[in-house]
Amino acid sequence: MKAKLIVHAAQIATPVGHSAKRGREMDQISLTSDGAVYIEDGVIRETGSTADVLARLNGREKDAELISAEGKCIIPGFVDSHTHFIFAGYRPEEFVNRLAGTSYLSILKQGGGIQSTVKSTRRASFRELYNDGFSRMNSFLSQGVTTLEGKSGYGLDLETELRQLEVMKSLKGNHSCSLVSTYLGGHAIPPEYAGHADDYVSEMLQDVLPVIKGKGLAQFCDVFCEKDVFSIQQSERLLKGASALGFHLKIHADEVNNLGGAGLAARVGAISADHLLMASKSGIRALAASGTVATLLPCTAFCLNEPYADARTMIKENCAVALASDYNPGSCFTNSIPLIIALAVIHMHMSIAEALTALTLNGAAALDCADRTGSVEPGKTADLLFLQFPDYRFLVYNTGINIVEFVMKKGDFVWQREKRV
Ligand code: NIG
Ligand code: FE
């Protein structure tokens, strides 16, 4: 692949590092005016001001393709580290019922919610799931997401969970956005095990997780630790067993009720604890003292009309905070990156720099890939966004609008804003 030299970017705005930024560090991003990025084999080799990079290259750039980024801000590609994008069927009636006051968990208890998507997904073919998955990935990419996580959890039986994961494996080879897969068999109690959640946990441990491991279909194991879903004890048993099999861990923690999910995440060494709307002060402190990333999903709080997670306290207590979409057909049917950023900054009071760190480097840390992506610096994969404006603050100032003009993945342009002809 021909080397590329991007010059004269109005600004390069990026966190710097190979692991999650915690607490006050989250606000300390690097800003370079008249910036340049030199890329070889899809990897960033040099960054800095155009004059500095040219001086360091000392003529090495003469065969490189020259790209002008005049008037544009360059930031790292976004990492959406929490989604449920492989599913069939929609639930608009539930959304309307929630608006009328019915709670998310009571819908689930009556056999709707996740159970309703399980019914449709069990009936869906590989091809159907693949085609919808592919176009949903295009939608993520068009908003600048260059690394995406996807969860199973709408099968709850071996056959359908495997189908969801196989679809993601196939998408990985065919889409330019990177994809990280998570097994979420512990998303709800399947109808076959109603009233027997402990037996279902045993089945996952004995009959499902070893098969998924054997086929290399998921890097993470996640569980919905919630009242009337999986208890702390059941979640702990599942996660410890998964860890023993070599899975990295994630938890849907303290989303609707505070069960102590944040503390559990820290105790089992989870890579991330996600949601945390109801996390207690002691749970937040446990996360801060551990290596677990606190992944906040503001669009879910917005769609459920619940109070937002307490990002300010988490950052003050020195947590590493990531932001993600939680895109799914129930609690949060949106993958809008501009909405995530607007809610995080305007309603959760994160600074724009903290939000940028949370959606890039810390998102990458929540997927255990911060050594490879999540920032614009030498040695990282060239996953870059060119914004339509010269300053990263337009990400919120131009509220709720996608201002990504070009997306570069591994050094190649893979998406460009449509132009009217
Ligand atoms: O993260 N809470 C559990 N899982 C998803 C919702 C899934 C659904 O409603 O289909 C969440 O909010
Ligand atoms: Fe979720």
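Ligands are counted one by one from 1 in listed order, and the atoms in each one are counted from 1 as well.
Neither the backbone nor the side chain of Q115 comes within 4.0 Å of ligand 1, counting heavy atoms alone. No part of F87 comes within 4.0 Å of ligand 1, judged by heavy-atom distances. If you look at H84 next to ligand 1, the close heavy atoms, those under 4.0 Å, all belong to the side chain.
The protein atom (non-hydrogen) at minimum distance from atom 4 (N) of ligand 1 is H187 NE2, 2.8 Å. At the shortest separation from atom 2 (N) of ligand 1 among protein heavy atoms lies E255 OE1, 2.8 Å. The protein non-hydrogen atom at the shortest distance from atom 12 (O) of ligand 1 is S331 OG, 2.6 Å.
At least one heavy atom of I114 sits under 4.0 Å from some atom of ligand 1. Ligand 1 has at least one atom lying under 4.0 Å from a heavy atom of R91.
Taking a cutoff of 4.0 Å between a charged side-chain nitrogen and a carboxylate oxygen, D412 and K4 qualify as a salt bridge. Under a 4.0 Å N-O distance rule, the pair E236/R267 qualifies as a salt bridge.
Of the N and O atoms on the side chains of E149 and T182, at least one donor lies less than 3.5 Å from an acceptor on the other residue. S336 and T334 share no donor-acceptor pair across their side chains, judged by distance under 3.5 Å alone. A donor-acceptor contact closer than 3.5 angstrom is absent between the side chains of K409 and T146. Defined by atom type and a distance below 3.5 Å, a donor-acceptor pair is present between the side-chain atoms of H252 and H82. In this model, no donor atom of one side chain and acceptor atom of the other lie less than 3.5 Å apart for Y104 and E255. For the residue pair T83 / N335, no side-chain donor-acceptor distance below 3.5 Å is found, with atom types taken as modelled.
When distances from the Fe ion (ligand 2) to the N, O or S atoms of H84 are compared, NE2 comes out shortest. Taking the Fe ion (ligand 2) as reference, the nearest N/O/S atom within H252 carries the name NE2. Closest approach between the Fe ion (ligand 2) and any N/O/S atom of D326 involves OD1.
Among the atoms of C332, no N, O or S atom is found under 2.8 Å from the Fe ion (ligand 2). At least one N/O/S atom of H82, from backbone or side chain, sits under 2.8 Å from the Fe ion (ligand 2). The Fe ion (ligand 2) has no N, O or S atom of D274 closer than 2.8 Å.
With ligand atoms numbered from 1 in the order given, ligand 1 contributes 1 (O), 11 (C), 12 (O) to contacts under 4.0 Å with heavy atoms of D326.
Across Y104, F224, Y154, F333, heavy-atom proximity to atom 6 (C) of ligand 1 is greatest for Y104.
In this structure, R127 is positioned above the aromatic face of Y130, its NZ or CZ under 6.0 Å from the six-membered ring centre and within 45° of the axis.
With hydrogens and angles ignored, the 3.5 Å screen pairs no side-chain donor or acceptor of S152 with any backbone N or O of L165.
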**OP:** Run the numbers on K250 and L367 for side chain to side chain contact (heavy atoms under 4.5 Å, CB included), then give the verdict.
**Re:** CA-CA 9 Å; K250 291 184 168 291; L367 296 181; 3.9 Å; yes
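The shortest N or O to N or O distance between T117 and ligand 1 is not under 3.5 Å.
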